[in-house]
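What follows is one structure encoded as C-alpha cells, with my remarks underneath.
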Amino acid sequence: MDFLGLPHDASVNGYRIDHLINETSFFVILFFVVTAALMLYACLRHGERHQASYDHGDTWKSFRWTLAVAAAIFLVVDGPLLVESLTDLREVFFNFAYAESQPQAVRIEINAHQWIWTARYAGPDGKFNTADDIVTTNDVVIPQGAPVIIQITSTDVIHSFNLPNMRMKIDAVPGIVNRMWFEAKETGQFDIACAQHCGSNHYKMKGTLTVLPRADYNRWLGEASANSSRGFDPDDAEAHWGWDWAAYSRI
Amino acid sequence: MTAHNETGELQPIHHEPTSFFLKYLWSTDHKMIAKQFMWAGLVFLLIGGTLAMMIRWQWAFPGAPVPILGSILLRGSGGVIGPAQYMTIFTTHGLIMIFFAITPLLIGMFGNFLIPLQIGARDMAFPWLNALSFWMYALSLVLVIASLFGNLGPAGAGWTTYPPLSTNLGTPGSGQTLMVAAVFVTGVGSIMGGVNYVTTIIRLRAPGMDYFRMPLTIWGLFLTAILNVLFVPVLGSAAFLLLLDRMFGTQFFIAGSVTGAPAGDPIMFQHLFWIFGHPEVYILILPAWGIIGDLFSFFSRKPANFYRGTVGAMIAVTVLSAVVYGHHMFQTGMSPMLGKSFMVLTLIISIPSVMLVLNWLRTLWGGSIRLTVPMLFALGTMFVFGVGGLTGLYLGAVVPDIYLHDTMFVVGHFHFTMAAASFLATFAGLYFWFPKMFGKRLNDTLGKIHFWMSSVFITLVFGGQLLAGYAGQSRRLYDPYQYSFLTRLHGLNRWTSYAAFLLLLGQFVFIFNFFRTMFFVKASGMEANPWQVSTLEWAIPSPPPYHNFDTIPIVVRGPHEFANPVVLERLGRDWIGQAEELPEAMPGSARKAGT
Ligand SMILES: [Cu+2]
Ligand SMILES: [Cu+2]
C-alpha cells in the first residue's frame, strides 16, 4: 500500500494542507457512499412489478426540502474547506509580511528555463545581482527552521516550481515575478519538480532541495559566496538576470 | 398563441433530395447531419482512445516498444515513444477527445437529431447553416490530421496550448499552427451550431410546447448552445491572437524581459482560455445531465421529480459557470483577493449540483425500475459524475490546490466529469435513440457487457489517476519515475494501465454490436415506441420521415407523464404521449389539458 497517500511532509506548515485534503476526503467519501448506496437501493428495491408512484414533486415543499438538504451539505462539506482555507491563507500562505519580517529569513531568486532551475542568493552585501551573489543550478540549499522566501520568473516558457515535500508550488512566468514562502521542518534532500508542461524534457526538469542545519547552511553560504566572487564576469550579460528584491510590487 | 399557429406554415414540407451529393454529403436534413456527426465523432473517439492507450503504455512500461501500434505509428523509433512524440500524443489525445469526439457526439449528434424531433419541428431554423456547421467541423478534422505531418514537428503544447510554449519559441513546427487553426475552425462550426440550436428552440417549438414542457435533454442542449454562443468566441479570439503570434510575429502572448520592456502577457491567454474553458466543462456535461434526467424518469416509469427544480439547478450552474474560471489559475500568481473570490464562487456551484443529484435520486425512489441498457448507462453516468463533481471541491479551494494543482489528481477529476460522465451519457443516449435513428435496436446482451466493461474499467482508470495525483505525480510526465518520490507509483500506474486496456477491449463489444445491427439486422418488426415513453419523437415512425411530422403536433402536457392513475384506467398503460389527447376526459380530471 506504499502507493497510497501523500508524500512525506518535511515542512512546518504543510500539515495544514494535508489536514484540509484529508478532512475534505472524509466528508466527500461519506457523501458519495451514502448517495451511491441510496441510488443502488432505489434501483434494487423496486423492480418492474412495483407500481410507480404518481408524484411530480413539483411543490414549494419539495423546493424547500431540496434546497435545505443542499445547503446543509454545503455547510458541512464546503463550509470547513472554505473557512479553513481562508484562515490558512491569511495566517500562512499569503502572509508574506510575517515571512519578510523574520530576521533569519532566507531570500532566493529563481530563474527557470528549459529545463533548468537557476537560483540566486544575495551574498554578504544583501543585494541581488551583484558580484558576490551565489548562483546555483538545479540545486537549492536552505536552512532548517527559517522562512524561505522565493521570488521566481522564467526566461522562456511557463514552468512551475514544485516542492512536493514542502507542499508548495508556484508558476514561473516570463515577464512576471511570482513569490512563495515556506519553512522546512526537517533536514535532508528533497525533489524539486516542474509541474507545468514546458516542452519535451519537462519530465527531466528536476532539482534538489537540500535542507541543512543553520550552522551548516551558514558555512555553505560563506564558502559558496567566496567562490562565486572569484568566478564573476562583468561582461556576461546572460548571467546577470537577478532583480532588485525591493522592486517587487505585484499583489 | 398566434405565433405558434404559424409554425406549420413557417415550415413547409420539402421533398427529400435524391442525388447522392444532396442526400448524404451536403444534406440539410438535421437527421442526416446528426448521422454525419455520429460517424465522424465515433471514429475520432476511437482515435483519441487509442492515443490514450499509448500514454498508458508509456507509464506502465516506460521506454518499451509499443505493441501493434508502435510498429505502425512509430516505425522510425522501433516502436518506442520518445519524449517529443509523447508530447504530441497527449496533446492530440486531449484536443481530439474534447473538440473532435465528445463535442460532435453529445452536441452535434444529439443536438441535431433531437432538437427538432423533441420540440415538434420539421427541421432546424437554419438548415443550410447546419450543413455548413458540419463541414466546418469536417475541415477542422482535415487540419488535425494534417497537423500530425507538420514541418518541424506536430503539435505538442498540451490541449491547454499555453503560450509561450505554444508560440514559435516552444513549438516551432507547423503542426502546432495547424492544430490551433483546427480549434479555431471547429469553434466557428460550434458557434454556427449554437446559434442554430438556440434559434430553433426559441422559434420552432410546436404549439403548446412551453419551455417547461421541454424534455430535460432539450434543456441541456439549449443551455449548452447558449454557452457555446457566448464563450466559444472567446476561445476563438485566443486562438486567433495565438495564430497571429505564430505566423505574423506579433507578441500578444510573449512577455518582455523581467526588466519590464513593453510586450505581451502569457497570462492573458490563460484568462481567455479559461473564460471559455470552464464553461466548456458544462458545455460537455449539460447535455449529459439532460439525457440522464429524462432516462431516469423514463425507466423508473415515474415523472421526473421536481422538473422545474432540475431545470432551475441546470440554469444556476450555467450562470455560475461563467464566473468561476479563475480556479484554474490559482498558481499563476493571481492576486489573493481574486483567488479568494473565485474560490467562494466555485464552491457555491455545489449547491445546485447537489439539488440536481437529489432530484435524480427522488426520481428513482419509489419507481418501477427497468434496468435497460440506456438506464444502466445513465446510472453509471450519475455514479462517475458524483466522483468527478466531488473531487472538484479540492481543486476549487486555494489551499489544497497548492499541492494538487497540475497533478494527476486534476487529470482524474476532469476525466471523471468530461470524459467518464460524457462518455457514458453518450452511450446512454446512443442505445436509447438508436432505434429512432435506424429503426432497429442494438443487441441487449452485448449492450450489457459493454456497459459493465465500460463503467467498471473507466472508474478504475480514472480512480488510478486520482490516487497517483494524490501521491504527488505531476501531469504530462514522459517518465514519472525520474523523480525519486514517484518511483513508488510504478505499480499503481501499471495496474491503472491494465484497466485502461480492458476499457478499450470493452469498446470492441460495442463496435461489433453496432456494425452487426447496422448492416446485418433487418429493420422490421420493431414497435413504434419500444421504450414506451411520452416525448414527441416516439409518436412518429422510426426512422422518421424526411419532414418529421406530417402535421405539427399540439402539445398538451410535460415530457414525463408516467404512472398517472387516470391514464392507466382509460388507456390501460402507464404513459401518455405529450401530444396525445386523453380519451373521454371527464371535467376536471385531465391535468393541464390544452392551453
Ligand atoms: Cu519546466
Ligand atoms: Cu473550471
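Heavy-atom basis, side chains included; hydrogens, waters and symmetry copies ignored. Per chain, numbering begins at 1; letters A, B, ... match sequence-line order.
Here the straight-line distance linking atom CG of Asp156(A) with atom CD1 of Ile254(B) works out to 12.0 Å at 0.5 Å rounding. Put simply, CE on Met355(B) and CD1 on Ile73(A) are 11.5 Å apart, with the number rounded to the nearest 0.5 Å. Interatomic distance, SG of Cys43(A) versus CG of Leu364(B), reported as 5.0 Å (0.5 Å rounding). Separation of atoms CD1 (Ile402(B)) and CZ (Phe93(A)) is listed at 5.0 Å; rounding is to 0.5 Å. Note that CG of Leu477(B) and NZ of Lys206(A) are 11.5 Å apart. Values are rounded to the nearest 0.5 Å.
With a 4.5 angstrom heavy-atom cutoff, Leu568(B) touches chain A only via side-chain atoms. For chain B, no part of Asn13(A) is nearby; none of its heavy atoms comes within less than 4.5 Å. For chain B, the nearby parts of Ile170(A) are the backbone and the side chain; heavy atoms of each come within less than 4.5 Å. With a 4.5 Å cut-off on non-hydrogen atoms, Ala313(B) does not touch chain A at all. For a residue to count as touching a neighbouring chain, one of its non-hydrogen atoms must lie under 4.5 Å from one of that chain's; by this rule Phe299(B) does not touch chain A. There is no contact between Leu75(A) and chain B, counting heavy-atom distances below 4.5 Å. For a residue to count as touching a neighbouring chain, one of its non-hydrogen atoms must lie under 4.5 Å from one of that chain's; by this rule Asp574(B) does not touch chain A. Of the two parts of Asp18(A), neither the backbone nor the side chain holds a non-hydrogen atom closer than 4.5 Å to a non-hydrogen atom of chain B. Of the two parts of Val387(B), the backbone and the side chain both hold a non-hydrogen atom closer than 4.5 Å to a non-hydrogen atom of chain A. Both the backbone and the side chain of Phe63(A) come within contact range of chain B, judged by heavy atoms closer than 4.5 Å. Using a 4.5 Å cut-off between heavy atoms, Leu40(A) does not touch chain B at all. With a 4.5 Å cut-off on non-hydrogen atoms, Leu338(B) does not touch chain A at all. Pro480(B) does not touch chain A: none of its heavy atoms, backbone or side chain, sits under 4.5 Å away. Residue Met87(B) touches chain A through its side chain alone, counting heavy-atom pairs closer than 4.5 Å. When heavy atoms are compared at a cutoff of 4.5 Å, Val173(A) approaches chain B solely by way of its side chain, counted from C-beta outward. For Phe562(B), the part lying under 4.5 angstrom from a heavy atom of chain A is the backbone only.
Your options are Ser53(A), Cys194(A), Ala36(A), and the one with the most heavy-atom pairs under 4.5 Å with chain B is Ser53(A). In terms of heavy-atom pairs under 4.5 Å with chain B, the best-connected choice from Asp88(A), Ile158(A), Ile152(A), Leu44(A) is Ile158(A). By number of non-hydrogen pairs under 4.5 angstrom with chain B, the leading residue of Lys169(A), Met180(A), His50(A), Met39(A) is Lys169(A).
Remark: side-chain polar atoms of His56(A) are not paired, donor with acceptor, to backbone N or O of Asn305(B) under 3.5 angstrom. Not a single donor-acceptor pair under 3.5 Å links the side chain of Lys302(B) to the backbone N or O of Asp55(A).
Counting only N and O atoms by type, the side chains of Ser484(B) and Asp191(A) include a donor and acceptor under 3.5 Å apart. There is a side-chain donor-acceptor pair under 3.5 Å between Asn564(B) and Tyr54(A). A donor atom on one side chain and an acceptor atom on the other are not found under 3.5 Å apart for Asp406(B) and Ser160(A). Side-chain contact, Ser25(A) with Tyr394(B): a donor N or O sits under 3.5 Å from an acceptor N or O. Of the N and O atoms on the side chains of Gln196(A) and His405(B), not one donor lies less than 3.5 Å from an acceptor on the other residue. Side-chain atoms of Arg49(A) and Ser368(B) form no donor-acceptor pair, as typed in the model, at a separation below 3.5 Å.
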Open item on the list: Quick one, Asp171(A) with Thr332(B), criterion side chain to side chain donor-acceptor pair (under 3.5 Å). Give me CA distance, side-chain angles, the key distance, then yes/no.
Closed with: CA-CA 5 Å; Asp171(A) 286 357; Thr332(B) 56; 5.3 Å; no
TODO: Please assess Arg362(B) against Ser62(A) for the test side chain to side chain donor-acceptor pair (under 3.5 Å), listing each intermediate value before the final yes or no.
DONE: CA-CA 10 Å; Arg362(B) 299 218 308 169; Ser62(A) 179; 2.7 Å; yes
TODO: Show the numbers, then the answer: is there a side chain to side chain contact (heavy atoms under 4.5 Å, CB included) between Ile21(A) and Tyr403(B)?
DONE: CA-CA 9 Å; Ile21(A) 291 178; Tyr403(B) 172 71; 3.8 Å; yes
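Aromatic pair His8(A)/Phe485(B): ring centres not closer than 6.0 Å. Here Phe190(A) and Tyr483(B) keep their ring centres 6.0 angstrom or further from each other.
Counting heavy atoms from C-beta outward, Ser85(A) and Val398(B) have side chains that stay 4.5 Å or more apart. Looking at heavy atoms from C-beta onward, Ile267(B) lies in side-chain contact with Ile176(A) at the 4.5 angstrom threshold.
Remark: Trp495(B) CH2 is loosely packed, at most 12 non-hydrogen atoms of other residues, nucleotides or ligands lying under 6.0 Å away.
Ring geometry for Tyr41(A) against Trp365(B) counts as tilted: the plane angle lies between 30° and 60°, on a 0 to 90° scale.
Residues that satisfy the side chain to side chain donor-acceptor pair (under 3.5 Å) test with Gln473(B), not counting sequence neighbours, are Asn493(B).
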